[in-house]
Peer 1: 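Here's a structure for you.
The first residue of the sequence shown is numbered 1, and numbering continues consecutively from there. Atoms within a ligand are numbered from 1 in the order they appear, just like the ligands themselves.
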Amino acid sequence: MDEFSFIRSIQPKFYRQASVMKGISDDAAVIRPLDGDFVTAVDTMVEGVHFTRETMDPEHIGWRVLAANLSDLAAMGSTPRFYMVSITIPKRWSEQELQVVYQGMKRLADLYDVDLIGGDTVSGQELSLTVTVIGSVSKDKARYRSHAQAGDLLFVTGTLGDSRGGLEYLLTGSTASSDGLDYLIQRHRTPEPRITFASSLASLNRMALNDVSDGIASEANEIAAASRMDLIIDPEVVPYSKALERCYPGHYQAWMFSGGEDFELLGTVPEKDWAVVEKTAESVGVRVTRIGYVEHMRSDSPSVWLAKDGGRERLDASGYTHLKEEGE
Ligand SMILES: Nc1ncnc2c1ncn2[C@@H]1O[C@H](COP(=O)(O)OP(=O)(O)O)[C@@H](O)[C@H]1O
Ligand SMILES: Cc1ncc(C[n+]2csc(CCOP(=O)(O)OP(=O)(O)O)c2C)c(N)n1
Ligand SMILES: [Mg+2]
Ligand SMILES: [Mg+2]
Ligand SMILES: [Mg+2]
């Protein structure tokens with residue numbers, strides 16, 4: 001395999017988005033501006049950090065890296081349109097395996113008519129994929145972490161901690177039950193970004209959204225900080241799957257908050273809009289759970305609180321953090 005035959009092999013035969021003027025084949029891609037605002041994000045997946053040969057097959061690597069990016073676009077309420085892939089390839093990965101990585105991305109991209117319009121290919125020590133996505137949203141309608149207001153309710157899609165459960169099994173092989181394991185593994189390998197759910201709520205005036213990559217303990221604190229509000233969570237109603245409880249009875253409660261990589265959405269909406277959120281979730285087949293509410297700050301720093309025994313306990317950001325030293 002050389003660089004140029006590899007690029008030819010992953011070049012799309014056609015583009016679904018009419019606004020692609022020039023895709024793969026020139027020095028850069030050219031896209032015609034769409035109505036509204038552009039939304040763009042980039043996320044990287046590195047062998048040994050986000051996956052190993054044991055935790056993921058090539059197809060899952062492709063799906064998961066694009067899913068993480070589409071999830072960020074969903075968290076902005078935007079519709080994905082294009083993606084670009086920068087790949088670093090070690091000698092030990094075969095052309096066939098890399099083709100399958102790209103098929104994993106394409107399988108997800110095809111569900112949402114997202115076009116691969118460019119990228120970069122280099123050789124290096126670890127397999128690394130950096131995906132850039134571009135989406136669009138109606139003018140001034142992007143969903144910011146700073147949009148939470150006192151009195152809003154806090155919700156989350158899906159169930160939390162499943163991906164961490166799947167990862168645990170793939171890394172250690174230990175579990176209390178085999179019932180539901182396949183589900184947890186699938187949640188880790190092929191998470192489903194909540195794009196349709198978020199874009200179907202475009203009619204709502206105001207909503208804060210953040211996607212769950214590090215764990216809600218982390219993302220809830222990000223919403224609190226950006227909005228300068230306190231968030232109060234009822235830990236009794238935070239949703240988890242039966243599969244996770246069965247397989248990891250000693251861990252599921254911690255993993256719901258700090259497991260990460262579920263790519264669900266955590267959000268706030270005014271109380272009056274909750275019925276629309278519930279109805280929309282039902283119509284797109286996504287579970288949604290009300291888990292708390294937003295309040296004015298109790299002190300001069302925004303905080304997240306767990307309601308406990310009539311009182312409250314601070315929930316610090318505790319999810320996955322890169323560049324952290326031992327014991328920090
Ligand atoms: N190395 C970097 N250079 C520039 N901006 C960055 C870098 N890393 C992260 N960011 C920006 O910091 C913000 C938070 O990033 P991150 O915590 O990775 O968000 P998310 O968890 O949604 O992926 C985003 O606006 C992102 O674009
Ligand atoms: C082999 C392996 N070890 C550990 C993890 C756990 N892990 C790696 S990165 C991460 C957090 C999410 O990734 P990040 O790059 O922080 O995504 P972002 O917040 O930028 O979306 C987690 C929980 C994993 N997925 N695979
Ligand atoms: Mg990121
Ligand atoms: Mg995010
Ligand atoms: Mg992160």
Side-chain angles (χ1 to χ4, degrees), residues 37-51 55-56 61 63-80 82-86 88 105 108 112 114 120 126 128-137 142-148 154-158 160-164 167 187-188 191-199 201 207-228 231 255-268 286 302 304 315-325 328:
D37 295 333
F38 279 116
V39 181
T40 181
V42 56
D43 248 315
T44 297
M45 241 173 100
V46 180
E47 189 175 2
V49 176
H50 298 85
F51 65 90
T55 66
M56 294 208 187
I61 296 168
W63 175 290
R64 160 68 174 70
V65 70
L66 185 60
N69 276 275
L70 297 188
S71 178
D72 277 327
L73 291 190
M76 302 305 283
S78 67
T79 303
F82 320 106
Y83 67 110
M84 303 178 97
V85 180
S86 175
T88 304
M105 285 190 271
L108 176 58
Y112 297 99
V114 193
D120 194 27
E126 302 297 335
S128 168
L129 285 132
T130 297
V131 173
T132 302
V133 281
I134 302 170
S136 61
V137 67
R143 307 306 193 180
Y144 294 166
R145 295 173 183 180
S146 59
H147 283 171
L154 180 69
F155 66 85
V156 70
T157 61
L160 301 173
D162 296 330
S163 176
R164 182 65 184 82
L167 175 64
R187 291 271 288 162
H188 181 73
E192 288 174 33
R194 302 304 186 191
I195 293 158
T196 312
F197 168 76
S199 63
L201 290 169
M207 175 164 54
L209 279 183
N210 195 358
D211 72 316
V212 183
S213 56
D214 299 323
I216 61 164
S218 184
E219 283 86 17
N221 273 286
E222 289 170 350
I223 292 179
S227 298
R228 298 203 53 79
L231 302 187
W255 291 348
M256 273 156 41
F257 291 99
S258 59
E261 299 183 288
D262 286 313
F263 299 105
E264 297 294 346
L265 293 176
L266 180 71
T268 82
V286 169
V304 180
L315 178 67
D316 291 320
S318 62
Y320 194 94
T321 312
H322 300 276
L323 310 182
K324 208 167 155 178
E325 303 292 339
E328 220 181 303

Peer 1: May I ask you to decide whether Glu261 forms a salt bridge with Arg164, counting only side-chain N to carboxylate O separations under 4.0 Å?
Peer 2: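 Salt bridge between Glu261 and Arg164, a charged N being under 4.0 Å from a carboxylate O: no.
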Peer 1: Would you kindly say whether Thr130 and Thr44 are connected by a side-chain donor-acceptor distance under 3.5 Å?
Peer 2: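 Side chains of Thr130 and Thr44: pair found under 3.5 Å.
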Peer 1: A quick test of your reading: do over 12 heavy atoms of other residues, nucleotides or ligands sit less than 6.0 Å from OH of Tyr144?
Peer 2: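 No.
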Peer 1: If you scan the protein for heavy atoms around atom 25 (O) of ligand 1, do you find one that is closer than 4.0 Å?
Peer 2: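 Flag for atom 25 (O) of ligand 1 set to false, no protein heavy atom closer than 4.0 Å.
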Peer 1: Check each atom of ligand 1 against the heavy atoms of Ser213 and keep those under 4.0 Å away; list them by number with element.
Peer 2: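 Numbered from 1, ligand 1 contributes 21 (O).
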Peer 1: I'd like to know if the side chain of Ser71 pairs up with that of Asp211 as donor and acceptor (distance under 3.5 Å, no hydrogens or angles considered).
Peer 2: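 Distance-only check passes for Ser71 and Asp211.
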Peer 1: Going by heavy-atom distance to atom 19 (O) of ligand 1, choose the closest among Glu219, Arg145, Met76.
Peer 2: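 Looking at heavy atoms only, the winner is Arg145.
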Peer 1: Looking only at atom types and distance, does a side-chain atom of Thr157 sit under 3.5 Å from a main-chain N or O of Leu265, one as donor and one as acceptor?
Peer 2: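 Confirmed, Thr157 side chain pairs with Leu265 backbone.
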Peer 1: For the Mg ion (ligand 4), how many protein N, O or S atoms come closer than 2.8 Å?
Peer 2: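 That number is 2, waters not included.
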Peer 1: Can you tell me how far CD1 of Ile216 sits from CG of Asn210, rounded to the nearest 0.5 angstrom?
Peer 2: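 With rounding to 0.5 Å, CG (Asn210) is 11.0 Å from CD1 (Ile216).
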Peer 1: One pair to check against side chain to side chain contact (heavy atoms under 4.5 Å, CB included): Leu70 and Val133. What are the steps and the verdict?
Peer 2: CA-CA 7 Å; Leu70 297 188; Val133 281; 3.9 Å; yes
Peer 1: Would you mind telling me if ligand 1 is within reach of the side chain of Asp43, the backbone, both or neither, using heavy atoms under 4.0 Å?
Peer 2: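 Side chain only.
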Peer 1: Tyr320: what forms a ring-ring contact (aromatic ring centres under 6.0 Å, His included) with it, not counting sequence neighbours?
Peer 2: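 For Tyr320, the residues satisfying ring-ring contact (aromatic ring centres under 6.0 Å, His included) (neighbours in sequence not counted) are His322.
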Peer 1: Between Arg64 and His50, does the side chain to side chain contact (heavy atoms under 4.5 Å, CB included) criterion hold? Intermediate values first, please.
Peer 2: CA-CA 10 Å; Arg64 160 68 174 70; His50 298 85; 4.0 Å; yes
Peer 1: Can you confirm, on distance only, whether ligand 1 has an N/O atom lying under 3.5 Å from any N/O atom belonging to Asp72?
Peer 2: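 Between Asp72 and ligand 1, an N or O pair is found under 3.5 Å apart.
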Peer 1: Is atom 17 (O) of ligand 1 less than 4.0 angstrom from some protein heavy atom?
Peer 2: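 Under 4.0 Å from atom 17 (O) of ligand 1, zero protein heavy atoms found.
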